[in-house]
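Right, one structure below, let's go through it.
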Amino acid sequence: MSEIPSPLARRSLLQQRIVGWYAKEARDLPWRARSASPWAVLVSEVMLQQTPVVRVEPVWREWLERWPTPAALAGSAPGDAVHAWGRLGYPRRALRLHAAAVAMVQRHSGEVPTTPSELLALPGVGAYTAAAVSAFAFGHRTAVVDTNVRRVFARLVDGAGQAAPSLTRAEIDLATALLPDEVGEARVWGVAVMEMGALVCVARSPRCPDCPVNDLCAWRAANQPTYDGPVRPSQPWHGTDRQCRGVLLAVLRATKKPVPATELDAAWPTDDAQRDRCLDSLVTDGLFEPLPGSRFRLPGR
DNA sequence: GACTCGTGGAC
DNA sequence: TGTCCAAGAGT
């Protein structure tokens, strides 16, 4: 029984293999083009929060054509952003992106800020997105830890089938330790690991034969033991407030005219109390603008 | 930390 | 058919 060297001990080999794999196998995504602006990168990152690439790409193209700069978006009504968001899900992200555009106009001369603290201060920009923009848009040597990176490292280094339900400090430290020393390599490293997680080291049915570092993988060396850590509770859908909100929002998204409350009643007829509760929350969130005469529309200026 | 927040595709 | 999952953030 031969012992494989730990991936940490062979960091440079890991980097070389994964970056080499990326150069050959990476998808040609528009926000990765050299011509992509920091704004274009930021928009892509927010859209990609919990939403698959295939659904983001066409919407991203429409957004960037319509709003090529933060100032352009800031000049539109928030409701226009929600409408253009389409069915990407989590529509509050559209509002936050709009609010971020307004903030960039107010505080940063209409530019995407470059420091981590300034990025984090933008609505809708958390630890992941701030790191991603820092690395991908500005080429900073920043560790990017998303769900793909977490899964790849969980398997490769920890020998676990999947990452824990929530991000730990140890994962941040590991990702930082594996970051290439040289800025130029670090720039590609993050997106390369993410791409590995998205295309090869996927959650279900990983394609280990196609993996450039399968001979260094602790999980594979251990014969792919089943994950036995804490379980993430599954999210119910049918009959939830989220489904109700989605139905109500779809009604407003389908028209530019104010919608009478009676039309919303018809869209969710099963539970009056739930519908009213969701309507209230949509108004509170700023996704619905109430108008005189019990009517609603997407928020204007 | 635990919850909440959309949507649709894959198996 | 129902469950899992997808470049998370805010409270």
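Quick note on labels: first sequence line is chain A, next is B, and so on, each numbered from 1.
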Starting at atom [atom1] of [X], determine the distance to atom [atom2] of [N], rounded to an integer number of angstrom.
X	N	atom1	atom2	answer
H98(A)	dA9(C)	NE2	C1'	19 Å
D146(A)	dA6(C)	CG	C1'	10 Å
D241(A)	dT11(C)	CG	C1'	16 Å
R93(A)	dA6(C)	CZ	P	15 Å
Y128(A)	dG10(C)	OH	P	14 Å
W237(A)	dG2(C)	CH2	C1'	15 Å
R204(A)	dC5(C)	CZ	C1'	5 Å
R242(A)	dA6(C)	CZ	C1'	13 Å

Base, sugar-phosphate, or nothing for [X], non-hydrogen atoms under 4.0 angstrom?
X	answer
A203(A)	sugar-phosphate
P123(A)	sugar-phosphate
L42(A)	nothing
V202(A)	nothing
R169(A)	nothing
Q235(A)	base
R55(A)	base
L88(A)	base
G126(A)	sugar-phosphate

5' precedence on DNA chain C between R32(A) and G124(A) (nearest-nucleotide basis): R32(A)

DNA chain C: 5'-proximal contact among L120(A) and W31(A) (nearest heavy atom): W31(A)

Q243(A) and T240(A): side chain donor to acceptor below 3.5 Å: no

Between E45(A) and Y128(A): side-chain donor-acceptor atoms closer than 3.5 Å: yes

Give the table of side-chain donor-acceptor pairs shorter than 3.5 Å for residues 176-193 of chain A, with sequence neighbours excluded, one pair per line with atom names and distance.
from, atom 1, to, atom 2, distance (Å)
T176(A), OG1, I172(A), O, 2.8
D181(A), OD1, R11(A), NH2, 3.3
D181(A), OD2, R11(A), NH2, 2.9

Aromatic centroids of W39(A) and W67(A) separated by under 6.0 Å: no

Interatomic distance, C208(A) atom SG to R220(A) atom CZ [nearest 0.5 angstrom]: 5.0 Å

Distance check: side-chain N/O of [X] vs OP1/OP2 of [N], anything under 4.0 Å?
X	N	value
T129(A)	dG8(C)	no
T51(A)	dA7(C)	no
R151(A)	dA6(C)	yes
Q50(A)	dA6(C)	no

P gap between dG6(B) and dT11(C), integer Å: 14 Å

Whole-angstrom distance between dA7(C) and dC11(B), as gauged at atom P: 15 Å

Backbone of S166(A) reached by a side-chain donor or acceptor of R150(A) within 3.5 Å: yes

Check: M47(A) main-chain N/O paired with R93(A) side-chain donor or acceptor under 3.5 Å: yes

With sequence neighbours excluded, residues passing ring-ring contact (aromatic ring centres under 6.0 Å, His included) with Y227(A): none

Ion pair R17(A)/D215(A), N-O distance below 4.0 Å: yes

Where chain A begins and ends its contact with DNA chain B, read 5' to 3' at 4.0 Å from heavy atoms: dC5(B) to dG9(B)

